[in-house]
Student: 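My structure is below; once you've seen it, I'll send some questions.
Each ligand, and each atom within it, is numbered from 1 in the order the structure gives.
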Amino acid sequence: MKTLNKLHHQLAESSAQLAILDDDAHLYSLVPFQQKLEQHNLFPLMATAVSIFQVNVGKMCNQVCKHCHVDAGPDRKEIMTRDTMQLCLKALAANPSLHTVDLTGGAPEMNPDFRWFVEEIKKLDRHVIVRCNLTIIRANKKYYDLPAFYKKHAIEVVSSLPFYTADRTDRQRGSGVFEDSIAALKMLNEVGYGHEGSGLTLNLVYNPAGAFLPPPQDALEKEYKQALMQHYGIHFNNLFAITNLPISRYMDYLLQSGNYEKYMEKLVNAFNPTAAANVMCRNTISIGWDGYLYDCDFNQMLDLKVAPASRHISEFNTAALNDREIVINQHCYGCTAGAGSSCGGAVV
Ligand code: SF4
Ligand code: SF4
């Protein structure tokens, strides 16, 4: 779709006034994110101190979710090699302040070196988060022991479950995903995940199924806990309510459904300066499957590499990264609307 390509190009290229010509040749514009930050004395947006090392180990996934910002799926071939993982380990070993390693994908478990990488990171005594899509645990016999593997290494598991009913979850993630997700959650509960006092953390992620912002996280968490316990006997720790960012497949959906303009207006009108001051990119560095560095996973998908100095894991320089200016664009409104949004849910 010609308009789509043009839009992605604009998002990636420019932080100036965004002007988009839609299918009906309707011209509209939005307040540039930079200008919004300037109005609140938040520009330039600077990193604080990097403590979270987020690694995208590949774009391959057993699912093809409608909202996926990675555009992941079974046919994606981009996979982090063991050599690049070695460079990540070297950077971690040299920088004890990187206390948390957040592994994402695709389905990170599909990288053939996933388990080796986790074991090597644990030798460096770091907290490890795995963004597990749940269905991978049930996808193939070779993954059935993942709950035991996670437990052995005290990994924090963060899993997307767009809603606590089958229809809404399957609409977003594919037919049968809810049933498999519930079965996988039960397997995680069986080894202790999600139970108070077990020390094994299982967090779930909600994201809206349409062009709207997430409801308040605390109230939604109570709703999820009640429904999942009552109907399936499922335990979990926290619910992260995440806003969909207008990029990749979700952007396609917004454009195709004619919701792009309305959605962006919602995000802009809900701009919250406190959320903007606490965006996750200030203490996170995101490493792509090929070792390039980004301010966050979203910038990674738009190929907006980190500002000059230390652009690749082979030249990892904490001092330069701690003092960098964050690369921003219109999609950043997704992180600053309402209670804000990050990989750990609401930020305020
Ligand atoms: S949202 Fe997650 S589970 Fe779904 S396709 Fe993307 S990476 Fe895979
Ligand atoms: S998308 Fe969010 S996390 Fe990424 S650079 Fe923008 S504000 Fe930061």
Side-chain angles (χ1 to χ4, degrees), residues 11-12 15 32-34 36-37 42-48 50 52 54 56-76 78 102-111 130-139 158-162 169-170 172-174 177 180-181 184 205-207 209 242-250 253 267 271-273 275-286 289 293-307 324-337 340-344 347:
L11 272 169
S15 62
F33 188 68
Q34 176 176 328
K36 201 70 166 173
L37 291 183
L42 289 167
F43 184 81
L45 188 64
M46 301 299 291
T48 49
V50 179
I52 299 175
Q54 189 175 63
N56 190 315
V57 296
K59 296 186 179 180
M60 190 181 285
C61 190
N62 58 316
Q63 291 185 189
V64 192
C65 304
K66 277 190 186 152
H67 67 286
C68 183
H69 72 269
V70 181
D71 207 7
D75 56 343
R76 298 301 299 253
E78 302 91 333
D102 186 346
L103 298 176
T104 183
E109 301 90 341
M110 291 179 85
N111 183 310
V130 172
R131 304 217 167 239
C132 170
N133 70 13
L134 295 174
T135 60
I136 191 69
I137 296 174
R138 310 269 308 163
V158 178
S159 294
S160 195
L161 189 71
T169 297
D170 287 1
Q172 195 176 113
R173 289 172 85 78
V177 165
D180 276 346
S181 299
V205 175
Y206 160 92
N207 64 288
I242 294 186
T243 303
N244 290 316
L245 262 68
I247 62 171
S248 199
R249 277 189 207 143
Y250 186 68
Y253 153 75
L267 295 183
F271 178 84
N272 177 348
N278 289 288
V279 282
M280 65 177 172
C281 45
R282 302 192 78 184
N283 68 350
T284 301
I285 193 73
S286 163
W289 67 275
L293 307 183
Y294 304 84
D295 296 302
C296 69
D297 207 41
F298 305 114
N299 282 9
Q300 190 180 136
M301 299 314 143
L302 292 169
D303 200 25
L304 296 171
K305 292 192 176 65
V306 83
R324 77 191 193 276
E325 183 178 337
I326 308 289
V327 179
I328 54 164
N329 212 313
Q330 298 302 82
H331 63 289
C332 296
Y333 275 117
C335 294
T336 58
S341 182
S342 72
C343 288
V347 296

Student: Which heavy atom of Asp170 sits nearest a heavy atom of Val177, and at what distance?
Tutor: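 Taking Asp170 first and Val177 second, the nearest heavy atoms are OD1-N, 3.3 Å.
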Student: Provide the closest heavy-atom pair for Val327 versus Val306 in the form atom of the first, atom of the second, distance.
Tutor: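 In terms of heavy atoms, the two residues are closest at CG2-C, 4.4 Å.
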Student: So, for His67 and Tyr253, is the gap between ring centers shorter than 6.0 Å?
Tutor: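 Centroid separation for His67 and Tyr253: 6.0 Å or greater.
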Student: Please name all residues satisfying salt bridge (charged side-chain N to carboxylate O under 4.0 Å, His left out) with Glu325, sequence neighbours left out, ordered by chain then number.
Tutor: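 So Glu325 forms no salt bridge (charged side-chain N to carboxylate O under 4.0 Å, His left out) with any residue.
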Student: Locate the shortest heavy-atom distance separating Asp295 from Ser286; write the atom from each residue and the value.
Tutor: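 So the minimum-distance heavy-atom pair works out to C-CB, 4.3 Å.
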Student: Can you list the protein N, O or S atoms less than 2.8 Å from atom 4 (Fe) of ligand 2?
Tutor: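 Hits for atom 4 (Fe) of ligand 2 below 2.8 Å: Cys296 SG.
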Student: Donor-acceptor check, side chain of Ser159 to backbone of Cys132, threshold 3.5 angstrom: yes or no?
Tutor: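 Here the side-chain-to-backbone pair exists.
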Student: Answer with yes or no whether Val327 contacts ligand 2, where contact means a heavy atom under 4.0 Å from a ligand atom.
Tutor: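 Yes, Val327 has a heavy atom closer than 4.0 Å to ligand 2.
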Student: Heavy-atom contact check, 4.0 Å cutoff: does Ala107 meet ligand 1?
Tutor: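 No; Ala107 lies far enough from ligand 1 that no heavy-atom distance drops under 4.0 Å.
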Student: Classify the ring geometry of Phe298 against His69: parallel below 30°, tilted from 30° to 60°, perpendicular beyond 60°.
Tutor: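 Because their plane-to-plane angle lies in the 30° to 60° range, the rings of Phe298 and His69 count as tilted.
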Student: Are Thr284 and ligand 2 in contact, using a heavy-atom cut-off of under 4.0 Å?
Tutor: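 No; Thr284 lies far enough from ligand 2 that no heavy-atom distance drops under 4.0 Å.
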Student: Taking Thr48 for the side chain and Arg282 for the main chain, is one N or O donor matched with an acceptor at less than 3.5 Å?
Tutor: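 Here the side-chain-to-backbone pair exists.
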Student: Closer than 3.5 angstrom, by distance alone: can the side chain of Arg324 be matched with the main-chain N or O of Met46 as a donor-acceptor pair?
Tutor: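 Checking the backbone N and O of Met46 against the side chain of Arg324, no donor-acceptor pair under 3.5 Å is found.
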Student: Between the side chains of Thr135 and Arg173, is a donor N or O closer than 3.5 angstrom to an acceptor N or O?
Tutor: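 Checked: Thr135/Arg173 side chains show no N/O donor-acceptor pair below 3.5 Å.
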Student: Which ligand 1 atoms are under 4.0 Å away from a heavy-atom of Gly106?
Tutor: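 In order of number, 7 (S).
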Student: Relative to the heavy atoms of Leu245, which atoms of ligand 2 are at a distance of less than 4.0 Å?
Tutor: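 Ligand 2 atoms under the 4.0 Å threshold to Leu245: 1 (S).
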Student: Could you tell me which residues satisfy salt bridge (charged side-chain N to carboxylate O under 4.0 Å, His left out) with Asp102, sequence neighbours excluded, listed by chain and number?
Tutor: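 So Asp102 forms a salt bridge (charged side-chain N to carboxylate O under 4.0 Å, His left out) with Arg131.
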Student: Any donor-acceptor pair under 3.5 Å linking the side chain of Asn278 with the backbone of Val347?
Tutor: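 Flag not set: sc Asn278 to bb Val347 has no pair under 3.5 Å.
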Student: Keeping waters out of it, list the protein N, O or S atoms under 2.8 Å from atom 4 (Fe) of ligand 1.
Tutor: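 Per the 2.8 Å query on atom 4 (Fe) of ligand 1, atoms found are Cys65 SG.
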